[in-house]
2 protein chains.
Amino acid sequence: MGAKIRNMEEFAAAVGISRPTVSKYFHDPESVRPTTRARIEAALEKYDYRPNIFAMNQNRKLTKNVGIVVPYLADPFFAEIARILETRCIEAGYRPTLFSSHGSTELECEILDTLRSMKPAGVLLAPLGRATDRKALENFCRHVPTLIFDSSVEEFGIAFVGSDNFQFTRVITDYLCRTGSPPVFFEMKTPANPNAHRRRQAYIQAMEQFGHEPHVVSVPGEGWAFEEIARRGAHEAFEAGQITGDTILCSNDRLAIGLMTACYERGLRVGRTADCAIRVAGMDGHPLSRFTCPPLTTVAHDYENVAQKAATTLFEALREGPGPWKSTRIEGKLVMRDTA
Amino acid sequence: MGAKIRNMEEFAAAVGISRPTVSKYFHDPESVRPTTRARIEAALEKYDYRPNIFAMNQNRKLTKNVGIVVPYLADPFFAEIARILETRCIEAGYRPTLFSSHGSTELECEILDTLRSMKPAGVLLAPLGRATDRKALENFCRHVPTLIFDSSVEEFGIAFVGSDNFQFTRVITDYLCRTGSPPVFFEMKTPANPNAHRRRQAYIQAMEQFGHEPHVVSVPGEGWAFEEIARRGAHEAFEAGQITGDTILCSNDRLAIGLMTACYERGLRVGRTADCAIRVAGMDGHPLSRFTCPPLTTVAHDYENVAQKAATTLFEALREGPGPWKSTRIEGKLVMRDTA
DNA sequence: GCGCAAACTTGTCGCGCGTAAAAAATTTAT
DNA sequence: ATAAATTTTTTACGCGCGACAAGTTTGCGC
């Protein structure tokens, strides 16, 4: 096989062309003549040479790196979005690197620092929300082309892509009102994510529009253990008689899952048939919402679309330079199942 | 505030000490005199200088990078393990980078390539399993100190850390036999993960030991959509009369969740009380197993311990050089809940 | 105060590649 | 066949830092 290739110099020598041309090839394979490209790719098979990514990125004005940051990767929603985003980046020829803030402000700041030193072409960032260090994020956005997704933080970055929380809530509130008694809204008192506030507002607005009295139950709890917070909160709310009526709309599916567990523990049968005591609905289209017992009625994010839109918006901005800040909110789809 | 710092040279000048000393500080803050350290750290606050990570890693013999690779990040088990591993790495002063193979052999190979070019100090890798390219992995392990976790691939890498599937299965089989009729084993015919085979073997062994006839139901399906595979497979198995007895042990919790959905759809009440038709148990201690209805009886991984052991084993090997290959299997804890 | 080790400084080299400009070779159009 | 356009080569420099060697200062125990 011949001696091992140590650097681009040696590789170029082995192929029989000059190093700058090889360098050009790695920057963009289309930019060299087809015959040259073929020769390089043939040699690439023969010797398993790969350019040193550190040396590559050191002098490049703009790298092909893309950072993907989510607030909590163990949350299936973010895991799923992150998965699709990664795939889209790779397809577009970028090198994605995935980060999770694990719910920590400090970690989010550190990630921002790390990211800056990586000179990324762009960043897809879902902020922690309430716990985000605004100043740090604003400063970061000034230096790195950043697309904010999931939850909006003012008008930072080049654009925002997320779900249309008002539409989400309106659709399901409407559905619940049409098919039975109007829902009570079940949420966390101090949610990590600002989307929760929008959903509460949208619920109140929709209820008033439909001529019903809104009724919000906010349960205490901090952090990302939503199911347990909902389970405990639900028990307390039931005992305190806060759950009026027989229909509960949860601010998200994870809360709904925890609430359903509490219902089970209290012997309350969940479902939309006559023999059931209570109706439950969620929002998000959690990967496991199909598999709860009974299967959960919810409004599902259009995961593919959100990710696709976020990725393409970023890539366009990278190609064509910064335009005016814009916000895209994607509608969800009502998924009618058995809980409501 | 003074002019912006562009590189270590300028930073050192601003602090009033020499560049090599600053370099030494970043390599190991303890290695410089306390007074010098204080001066550097004071300046670090003033100017927000960070060394260029590409230039840093280019010439270092051994970086502080650690790669973490999991087969499928949208699986809550891996999301949770990855989360803890990342934290441990940061605590130990390493810079973790997270990768998910997304269930794809090609992607796993690419990650291995990327990782090699990152010159990581070490790698924590959970292989795809059946779909892993053995040769590529073996070759990788020869070049990079790799700790394999979750599912063992021969004796590759410096060590293996995982769960004790035999103990897992024995414990729960024993429990099920003692508290009711012996279980049928429910699994995927072609599981992605080799642990599944061990669990089947362990089930058969345990059943024979306890004097019962083992009975395995293997359902068809490929990929990582375990719940749906289990749901469909369960329906078919019920219809074909393959589910003998009233107790089902699932190869993992995600299958159990899907199977419970099927039971719900068939009107079969799951639980361990007299009014229930069927008992179900799983394995893994899935984050949502507490919240199924009824809550799922399972054998839980000791997530913290597995991650801790994996991390410390790698770090020890990095400090003290390669020792003989060793394998650690950590026991799980029976979590008795309401399904069995 | 002495002596000595640890910590620091100065200076210099090189890593592997990006990048730029000018010269040479090749392809394409006329 | 010749001119024009494109691609490739040559040459040269620099990025920001790690690593090393040799000399200088500092801190510390006696």
Side-chain angles (χ1 to χ4, degrees), chain A residues 3-44 47-65 95 113-114 116-121, chain B residues 3-44 47-65 95 113-114 116-121:
Chain A
K4 275 167 198 167
I5 294 342
R6 302 215 142 269
N7 54 35
M8 201 182 273
E9 196 85 54
E10 288 182 27
F11 178 73
V15 186
I17 54 183
S18 72
R19 186 176 68 74
T21 306
V22 174
S23 171
K24 213 174 159 204
Y25 165 83
F26 280 114
H27 192 68
D28 176 12
E30 307 266 339
S31 69
V32 300
R33 207 183 303 151
T35 56
T36 327
R37 181 176 174 180
R39 286 172 64 191
I40 294 177
E41 278 166 358
L44 225 41
Y47 319 94
D48 70 332
Y49 164 74
R50 300 206 47 175
N52 181 312
I53 60 168
F54 299 114
M56 275 182 63
N57 289 316
Q58 178 163 14
N59 299 326
R60 241 212 267 278
K61 306 279 179 225
L62 219 59
T63 68
K64 281 282 192 177
N65 299 331
R95 271 183 31 84
D113 278 348
T114 304
R116 275 180 62 177
S117 67
M118 282 179 60
K119 291 191 215 160
Chain B
K4 274 168 197 166
I5 296 334
R6 306 214 140 269
N7 54 37
M8 201 181 273
E9 197 84 53
E10 288 182 25
F11 179 72
V15 186
I17 55 182
S18 71
R19 188 177 65 77
T21 305
V22 175
S23 170
K24 214 175 156 203
Y25 165 83
F26 281 114
H27 192 69
D28 176 13
E30 307 265 341
S31 69
V32 301
R33 206 181 302 150
T35 56
T36 332
R37 181 175 174 180
R39 287 172 65 192
I40 293 178
E41 278 165 1
L44 225 40
Y47 319 92
D48 68 334
Y49 165 74
R50 299 206 51 175
N52 180 312
I53 61 168
F54 299 116
M56 275 182 63
N57 288 318
Q58 178 164 15
N59 299 326
R60 241 210 266 277
K61 307 281 180 222
L62 220 58
T63 68
K64 281 282 190 177
N65 300 331
R95 273 183 28 87
D113 277 349
T114 303
R116 275 181 62 179
S117 66
M118 282 179 61
K119 291 190 211 160

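Just so we're on the same page: letters track the sequence lines, and every chain starts at 1.
One distance of note links CG of A/N52 with CD of A/Q58; it measures 9.5 Å at 0.5 Å rounding. Going from atom NE2 of B/H27 over to atom NZ of B/K64 covers 7.0 Å, rounded to the nearest 0.5 Å. Distance check: B/F54 CZ to A/N57 CG gives 4.0 Å after rounding to the nearest 0.5 Å.
Between C/dC17 and A/Y49, a contact under 4.0 Å exists linking OP1 or OP2 to a side-chain N or O. Side-chain nitrogen and oxygen atoms of B/T21 include at least one within less than 4.0 Å of the OP1 or OP2 phosphate oxygen of C/dT9.
Residues from residues 26-39 of chain B with heavy atoms under 4.0 angstrom of DNA chain D, sorted by number: B/R33.
Under the side chain to side chain contact (heavy atoms under 4.5 Å, CB included) criterion, B/N7 pairs with B/E9, B/E10, not counting sequence neighbours. Not a single salt bridge (charged side-chain N to carboxylate O under 4.0 Å, His left out) links B/R95 to another residue, sequence neighbours left out.
When DNA chain D is scanned in the 5' to 3' direction for atoms under 4.0 Å from non-hydrogen atoms of chain A, the outermost contacting nucleotides are D/dT7 to D/dG16.
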Listing time: all N or O pairs from protein to nucleotides 11-15 of chain C that are below 3.5 Å?
residue : atom : partner : partner atom : Å
C/dG14  : N2   : B/N59   : ND2          : 2.6
C/dC15  : O2   : B/N59   : OD1          : 2.7
C/dC15  : O2   : B/N59   : ND2          : 2.8

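Taking atom NZ of residue A/K24 and atom P of nucleotide C/dA20, one finds them 12 Å apart after rounding to whole Å. When the P atom of C/dT19 is taken as reference, atom CE of A/M8 falls 11 Å away, rounded to whole Å.
Counting all heavy atoms, side chain and backbone alike, B/M8 lies closest to B/P51 at CE-CB, 4.2 Å.
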Could you pull out every donor-acceptor pair under 3.5 Å between side chains of residues 36-44 of chain B and any protein atom, sequence neighbours left out?
residue : atom : partner : partner atom : Å
B/T36   : OG1  : B/R33   : O            : 3.3
B/R37   : NE   : B/E41   : OE2          : 3.1
B/R39   : NH2  : B/V15   : O            : 3.3
B/E41   : OE2  : B/Y25   : OH           : 2.8

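Side-chain contact between A/R50 and B/T114 is present, with at least one heavy-atom pair separated by less than 4.5 Å. The closest side-chain heavy-atom distance from B/K119 to B/N65 is not below 4.5 Å.
Ring geometry, A/F11 versus A/F26: the interplanar angle falls from 30° to 60°, so the pair is classed tilted.
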